[in-house]
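Data block below; observations after.
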Amino acid sequence: MEVMYQSTRSNGAKVTASQAILKGLAEDGGLFVPTCIPKLDTSLEDIAAMDYKETAYRVMKQFLTDFTEEELRDCINRAYDEKFDTKEIAPLVEKNGVYYLELFHGATIAFKDMALSILPHLMTTSAKKNKITNQIVILTATSGDTGKAALAGFADVEGTSIIVFYPKNGVSAIQERQMVTQKGKNTSVIGITGNFDDAQSGVKAMFHNKELAKAMDSKGCQFSSANSINIGRLVPQVVYYVYSYTRLLGQGAVAPGEPVNFVVPTGNFGNILAAFYAKNMGVPIGKLICASNENKVLYDFFNTGVYDKNRRFILTSSPSMDILVSSNLERLIYKITGEDAKKTSDMMAALASTGQYSLTEDMRAQMEDFIGGWAGEEKTAAEIKRVYETAGYVLDPHTAVASAVYHDYQLKSDDAAKTVIASTASPYKFAASVMTAIDKKYEGMDDFALIDALSKTSGTKIPDAVEEIRSAPVLHDTVCETADMQKVVEQILGL
Ligand SMILES: *Cc1c(COP(=O)(O)O)cnc(C)c1O
């Protein structure tokens, strides 16, 4: 059965998966969603015996139905190769009776690699399938990790170029260094004086600008998005939920049909939405625990039914979760309105004009699988220390938020289900926060000295991704005002 995609904001023409990947965002500003979430057609017991690539194929073919088997397998083979430092791709490790699903073994040591190592291949394949000859210009706003993962994925990929905007004062030192040292003649990296939401709004405005699109077309190029709103990001993320569940099944840690909870440190709501899709595909997932940092819009949303972004934006030690408008939540909203594009569109319009919207009781009843939790800065640091001292395992601050939220949940509930925590970044990416959480004596130490200390403390090897940037030259140093983002893009594209 062919799965088609439609906008969350209108019941207009449906598009194929490859067209949805190319467009990124629907023309009416909505997000593409599958007309129905497909069921797995391979049993979980069978998948338990398959490796990551085969699992990826079994999951993704259900969504990307206009790709041939050869095309899809080719994309998968190019993505999940030696760029990952382990054959398992996403290892599941048990510490203190909880499972950490390590999603940070790719080229940029954060979970964004799981999808961004395959997106360029899905996109160039989609362009070929749709006879697009324009150059694809990837335009991306990043809160830190997407930018580098997208740059690494698209660098020197023929037929594409990539422009990344990041908040100049809103990412970690290592994150910034990773981006500004990016090689590749088709890459541009620009810091903006605003925060991540400003960057994201600026990018969205450019996507919606019809005049800009026209000017670009006459120059032989067109935008696409590598942000987590692209369905080509979401689908590859469903894979590791299926994979981790089937690893537990294969080890006999869970019996067939036994539910497993997932805890996901959340920002734009893409990662946890993929878990929700996995559940809808037929994976026995119990609770979906959505963990926020001090920017706890989602925690309030799940607890009150009101989404309210009117609040102070707080910079935390988990910058990839410093987000007040979680774009992918729109896909959940669409689902709980009974796939009502008009209602979804009205709610998004309310969000744009007043900064908030409210759910009806009916909608709330459909979100019972979700639990919201949050952890502040002190609690997050204490969790890093606790897990280090009890298990000798070092968490990055994002994973620590999720781990702290789950620790609280365990103390308060009698839910004994096995639980997997999505471990979204390597601690090496946030060495300063991590090491000072373990011991205050590290405060103020130089970044690379901290990295050496982290290696000693954790007994782990420094990832190549970190070694490489120690001495790499800075290749990008443009900084602009939020208001000038479009001007900068026009300059880069020669418009
Ligand atoms: C992007 C990111 C998140 C948030 O994921 P979303 O899909 O945006 O909810 C969490 N942790 C890390 C390390 C990330 O890079």
Side-chain angles (χ1 to χ4, degrees), residues 104 109-112 141-148 166-179 191-200 228 263-272 289-302 308-327 329 372-388 394-408 421-438 440 442-444 447 450 454:
F104 54 77
I109 60 176
F111 101 95
K112 304 292 194 290
T142 184
S143 55
D145 292 331
T146 298
K148 178 61 189 185
Y166 72 95
K168 178 73 187 154
N169 297 314
V171 301
S172 86
I174 299 287
Q175 283 179 316
E176 180 170 40
R177 240 194 114 66
Q178 278 188 308
M179 289 191 278
I192 67 157
T193 50
N195 62 34
F196 171 67
D197 284 327
D198 297 328
Q200 183 156 265
S228 68
V263 191
V264 185
T266 297
N268 236 338
F269 208 73
N271 201 2
I272 195 166
I289 303 174
C290 175
S292 299
N293 65 21
E294 280 175 11
N295 296 291
K296 58 183 183 58
V297 187
L298 289 166
Y299 166 81
D300 293 337
F301 171 68
F302 285 115
D308 184 1
K309 71 156 192 171
N310 299 313
R311 61 184 76 202
R312 197 165 61 86
F313 181 94
I314 302 164
L315 291 176
T316 72
S317 59
S318 44
S320 300
M321 297 157 68
D322 290 346
I323 289 173
L324 296 181
V325 180
S326 300
S327 305
L329 188 62
W374 74 286
E377 289 292 272
E378 250 173 64
K379 201 172 203 168
T380 303
E383 181 69 1
I384 292 172
K385 193 173 165 73
R386 185 186 73 85
V387 174
Y388 172 65
V394 181
L395 304 176
D396 95 281
H398 302 76
T399 310
V401 167
S403 192
V405 163
Y406 180 63
H407 194 58
D408 262 4
I421 294 174
S423 188
T424 51
S426 160
Y428 284 97
K429 212 159 179 174
F430 303 95
S433 307
V434 167
M435 293 310 286
T436 46
I438 290 173
K440 288 261 181 290
Y442 293 109
E443 236 158 54
D447 276 314
L450 284 165
L454 172 55

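- Looking at every heavy atom in both residues, Val405 comes nearest to Ala291 through CG2-CB, 3.8 Å.
- Rounded to the nearest 0.5 Å, atoms CZ (Phe301) and OG (Ser292) are 11.5 Å apart.
- For the pair Ile421 and Leu395, the minimum side-chain heavy-atom distance is 4.5 Å or more.
- For the residue pair Thr436 and Ala432, the shortest heavy atom distance occurs at OG1-O, 2.7 Å.
- Heavy atoms only, all atoms of each residue included: Ala431 and Leu450 are closest at CB-CB, 4.1 Å.
- Between Asn293 and Thr380, the closest side-chain pair of non-hydrogen atoms is not below 4.5 Å.
- Annotation: the span from Tyr166 atom OH to Thr146 atom OG1 amounts to 15.0 Å, rounded to 0.5 Å.
- To the nearest 0.5 angstrom, Leu329 atom CG is 6.0 Å from Leu298 atom CG.
- Atom CG of Asn271 sits about 11.5 Å away from atom NE2 of His398, to the nearest 0.5 Å.
- For the atom pair CG (Asp396) and OG (Ser423), the distance works out to 6.5 Å, reported to the nearest 0.5 Å.
- For the pair Gly267 and Ser326, the tightest heavy-atom approach, listed with the atom from each and the gap, is O-OG, 2.7 Å.
- The shortest distance between side-chain heavy atoms of Cys290 and Phe269 falls below 4.5 Å.
- For Phe313, the side-chain contact (heavy atoms from CB on, under 4.5 Å) partners two or more places apart in sequence, or in a different chain, are Asn195, Asp197, Leu315, Asp322, Leu324.
- Looking only at side-chain heavy atoms (C-beta outward), Ser327 and Asn268 come within less than 4.5 Å of each other.
- The existence of a salt bridge linking Asp408 and Lys379 is confirmed by a sub-4.0 Å separation between a basic side-chain nitrogen and an acidic carboxylate oxygen.
- Judged by distance alone, with hydrogens and angles left aside, the side-chain atoms of Thr399 form a donor-acceptor pair with the main-chain N or O of Thr424 at under 3.5 Å.
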Worksheet item: What do the steps show when you test Met179 against Thr142 for side chain to side chain contact (heavy atoms under 4.5 Å, CB included), and what is the final call?
Response: CA-CA 10 Å; Met179 289 191 278; Thr142 184; 3.9 Å; yes

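- Using a distance-only test at 3.5 Å, with no hydrogens or angles considered, no donor-acceptor pair links the side chain of Lys168 to the main chain of Ile192.
- Residues satisfying the side-chain contact (heavy atoms from CB on, under 4.5 Å) criterion with Ile314, sequence neighbours excluded, are Glu294, Asn295, Arg312, Thr316.
- Residues that satisfy the side-chain hydrogen bond (donor to acceptor under 3.5 Å, both in side chains) test with Lys112, not counting sequence neighbours, are absent from this structure.
- Side-chain atoms of Gln175 never come within 3.5 Å of backbone atoms of Lys429 as a donor-acceptor pair (strictly under, hydrogens ignored).
- At least one side-chain heavy atom of Val434 sits less than 4.5 Å from a side-chain heavy atom of Pro397.
- Across every non-hydrogen atom of Gly170 and Pro319, the tightest pair is O-CB, 3.6 Å.
- Contact record, Ile438 with Lys385: O-NZ, 3.3 Å, taken as the closest heavy-atom pair.
- Between Phe196 and Ile323 there is a side-chain heavy-atom pair separated by less than 4.5 Å.
- Atom NZ in Lys296 sits 5.5 Å away from atom CH2 in Trp374 (nearest 0.5 Å).
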